[in-house]
Number of protein chains: 2
Amino acid sequence: MPVTLKEIARDLGVPIVTVSKVLRNHEDISRKTRDLVLKRTRELSYRPNLTARSLVTGCSSLVGLLIPDLLHPFFAEVARSFAAKLREQGLYLLICSSEGDPELESQQLEHLLSRRLDAIAVASVGADEDDLQTVANSGTPLVLLDRQVPIANAHFVGVNDLRVGQLATEHLISIGCKRIAHLRGPANAVGEKRFEGYKRAQERRHPVPPRVRYRGFRQGHREQGFRR
Amino acid sequence: MPVTLKEIARDLGVPIVTVSKVLRNHEDISRKTRDLVLKRTRELSYRPNLTARSLVTGCSSLVGLLIPDLLHPFFAEVARSFAAKLREQGLYLLICSSEGDPELESQQLEHLLSRRLDAIAVASVGADEDDLQTVANSGTPLVLLDRQVPIANAHFVGVNDLRVGQLATEHLISIGCKRIAHLRGPANAVGEKRFEGYKRAQERRHPVPPRVRYRGFRQGHREQGFRR
DNA sequence: CTGAAAGCGCTTACAG
DNA sequence: CTGAAAGCGCTTACAG
């Protein structure tokens with residue numbers, strides 16, 4: 001149903017490749033041919049078939065993003081700014097939510113791999129490390145967001161949680177707080193690092209105060225996987 | 001880099017089409033060949049190239065969703081449940097956010113069209129009606145979410161706002177409220193309909209009480225476009 | 001049940 | 001500057 005290069009080429013009596021070149025702003029086309037082609041593509045409101053283009057170029061202009069929950073403001077914010085940055089490069093986001101379900105997460109990663117995406121980003125998930133390694137091995141660039149996992153060949157973008165804990169504690173010290181407690185969430189790397197920062201700041205005080213530490217969530221908490 | 005049907009076929013000395021059939025559970029393949037193929041695809045952890053499949057079948061298994069803002073809980077909720085329903089059918093969501101920018105919105109729709117999606121859903125946007133009509137004309141099924149616009153050939157899923165206004169008002173009446181006001185948002189169809197419902201419920205009372213109506217947002221409010 | 005042929009819509013070399 | 005050829009990885013008919 002949609003218009004193809006072939007039809008435009010036939011209409012104009014030129015080879016397909018010429019039309020293709022015009023549309024990708026190739027230099028080596030005469031001004032006359034160029035104008036003719038552009039006119040016709042406009043008349044028919046031609047839209048290149050990105051699927052076909054992907055197949056031959058090997059680039060889908062699509063980046064996968066796997067997050068545990070779209071409704072969680074943190075991940076929604078990540079998705080939003082990620083999409084905005086990618087858009088500047090002509091890339092689009094294929095967002096998958098795992099709903100916190102490890103089984104689903106594996107499936108989604110398999111699916112993303114089948115789509116031959118330009119890259120796959122995985123945000124802070126209780127993702128199976130083998131699954132992540134599979135992605136990294138597939139040749140599709142893998143970016144880990146927020147939660148660092150030891151995967152060969154993966155990139156990482158996240159928060160310096162140690163620094164965060166330290167800054168927060170130093171702030172409290174600077175405004176005159178004396179007895180400072182560390183109230184934390186589940187037992188994951190995020191909490192560990194922030195606690196490290198808390199300790200570091202506390203240990204610089206004279207005399208060093210006792211550590212006070214509370215845990216907000218049980219370790220086995222259902223939502224542990226995607227609470228920061 | 002990734003494994004292809006061709007390689008598997010070559011390894012096994014069978015034609016490509018046989019491998020393809022096995023993977024799609026075609027009946028007319030001998031048990032022996034079938035097992036051989038499955039074994040080899042597993043060994044190589046073959047993943048079908050969905051781009052290639054899309055090109056030939058004409059189905060991308062991808063549905064576009066255009067929303068004004070991912071961070072708005074209403075649209076995040078829409079995206080989430082939509083994705084969940086689609087997943088049951090083996091469909092995936094390509095989410096685009098227009099950031100409330102009409103220009104960007106046009107571009108995104110053009111892009112979605114180029115991807116030859118199986119369907120495009122547009123949620124409650126100040127979308128240009130011409131753009132929407134373009135989508136509808138393209139042959140890609142169009143679904144309007146939440147906000148109804150008179151587009152030929154478009155489907156619509158949304159809230160019965162008149163009924164909502166009526167139900168809310170009737171509830172207040174039933175618990176004994178006497179003087180009931182209608183406090184509303186911007187001057188769009190949603191508010192109008194709810195006000196209709198409010199009126200309808202009020203007019204059934206004896207004696208009919210006076211209407212009391214407040215507007216929460218100025219008509220020209222920046223966010224009018226995507227506040228319900 | 002097996003297999004050779006054609007084609008999806010495009011792009012990448014490479015020859016004139 | 002123009003154009004014929006090959007191919008991306010797969011599936012759909014259709015002949016044996």
Side-chain angles (χ1 to χ4, degrees), chain A residues 1-38 40-41 44-62 90 111 113-118 138-140, chain B residues 1-38 40-41 44-62 90 111 113-118 138-140:
Chain A
M1 198 75 185
V3 187
T4 65
L5 282 192
K6 203 204 280 185
E7 294 174 48
I8 294 177
R10 182 173 38 67
D11 289 359
L12 263 39
V14 301
I16 292 179
V17 69
T18 302
V19 183
S20 168
K21 278 179 178 170
V22 171
L23 294 173
R24 283 171 298 127
N25 291 317
H26 254 252
E27 288 301 297
D28 58 350
I29 299 287
S30 73
R31 180 144 180 79
K32 195 180 129 234
T33 313
R34 223 181 74 90
D35 290 347
L36 231 53
V37 168
L38 288 179
R40 193 66 187 143
T41 54
L44 300 178
S45 65
Y46 168 78
R47 265 175 287 267
N49 183 324
L50 258 33
T51 307
R53 188 178 282 177
S54 294
L55 184 58
V56 47
T57 61
C59 296
S60 59
S61 304
L62 229 39
H111 180 255
L113 248 23
S114 270
R115 290 229 178 248
R116 305 292 188 272
L117 271 22
D118 289 355
S138 76
T140 307
Chain B
M1 197 76 183
V3 187
T4 65
L5 282 191
K6 203 202 282 186
E7 295 174 48
I8 295 177
R10 183 173 35 67
D11 288 0
L12 263 40
V14 302
I16 291 178
V17 68
T18 302
V19 183
S20 168
K21 279 180 178 170
V22 171
L23 293 174
R24 283 171 300 127
N25 291 317
H26 254 252
E27 288 301 298
D28 59 348
I29 300 288
S30 72
R31 179 141 184 80
K32 194 178 131 237
T33 313
R34 224 182 73 90
D35 290 349
L36 232 53
V37 169
L38 288 179
R40 192 65 186 147
T41 54
L44 300 178
S45 65
Y46 169 77
R47 266 177 287 267
N49 183 325
L50 259 33
T51 305
R53 188 179 281 179
S54 294
L55 185 58
V56 49
T57 61
C59 296
S60 60
S61 304
L62 229 39
H111 180 255
L113 247 23
S114 269
R115 291 233 177 246
R116 305 291 189 270
L117 270 23
D118 288 355
S138 75
T140 308

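Given the structure is predicted, the values throughout are model-derived calculations rather than measurements. Scope of the values below: all heavy atoms of this structure, side chains included, with no hydrogens, waters or symmetry mates. In the text below, chain A, chain B and the rest are named by the order of the sequence lines, each starting its count at 1.
Base pairing of dA4(D) is not made with any nucleotide, judged by Watson-Crick or G-U wobble geometry with both donor-acceptor distances under 3.5 Å. Applying the Watson-Crick and G-U wobble criteria (two distances, each under 3.5 Å), dA13(D) pairs with nothing in any strand.
Rounded to whole Å, atom C1' of dT11(D) lies 9 Å from atom CZ of Arg53(B). One atom, CZ of Arg116(A), and another, C1' of dC8(D), lie 12 Å apart when rounded to the nearest Å. Taking atom CZ on Arg31(B) and atom P on dT2(C), their separation rounds to 13 Å, with Å as the unit. Note: CD1 (Ile16(B)) to P (dC8(C)) measures 18 Å, nearest angstrom. Across the protein-nucleic acid pair, Lys21(A) atom NZ and dT2(D) atom P stand 9 Å apart, rounded to whole Å. The CD1-P distance, from Ile8(A) to dT11(C), rounds to 11 Å in whole Å. Between the CG atom of Asn49(B) and the P atom of dT11(D) there is a distance of 10 Å, given to the nearest Å. Rounding to whole angstrom units, CG of residue Leu23(B) and P of dT12(D) are separated by 13 Å.
Of the candidates dC10(D), dC10(C), dG3(C), dG3(C) carries the atom nearest the Pro15(B) side chain, counting heavy atoms from C-beta on. Side-chain proximity of Arg24(A) to the nucleotides dA4(C), dT11(C), dC10(D) is greatest for dT11(C). Ranking dT12(C), dC8(C), dC8(D) by closeness to the Lys6(A) side chain, first place goes to dC8(C). Of the candidates dG3(C), dC10(D), dC10(C), dC10(C) carries the atom nearest the Thr4(A) side chain, counting heavy atoms from C-beta on. The side chain of Tyr46(B) sits closest to dC10(D) out of dC10(D), dT11(C), dA13(D). For Ser30(B), counting side-chain heavy atoms from C-beta on, the closest listed nucleotide (dC10(C), dG9(D), dC1(C)) is dC1(C).
Counting only distance, with no hydrogens or angles, the side chain of Thr41(B) and the backbone of Val37(B) share a donor-acceptor pair below 3.5 Å. A distance-only check finds no donor-acceptor pair linking the side chain of Ser114(A) to the backbone of Arg47(B) [under 3.5 Å].
Side-chain nitrogen and oxygen atoms of Thr33(A) include at least one within less than 4.0 Å of the OP1 or OP2 phosphate oxygen of dT2(D). Contact annotation: Ser20(B) side-chain N/O to dT11(D) OP1/OP2 distance is under 4.0 Å.
Two residues are said to be in side-chain contact when any heavy atoms from C-beta on lie closer than 4.5 Å; Leu62(B) and Asp118(B) fail this criterion.
Between the side chains of Thr51(B) and Ser54(B), no donor-acceptor pair is found at a separation under 3.5 Å. Remark: the Arg34(B) side chain and the Ser30(B) side chain contain no N/O donor-acceptor pair separated by less than 3.5 Å.
Map Val17(B) and Ala52(B) each onto its nearest nucleotide of DNA chain C; the residue landing nearer the 5' end is Val17(B).
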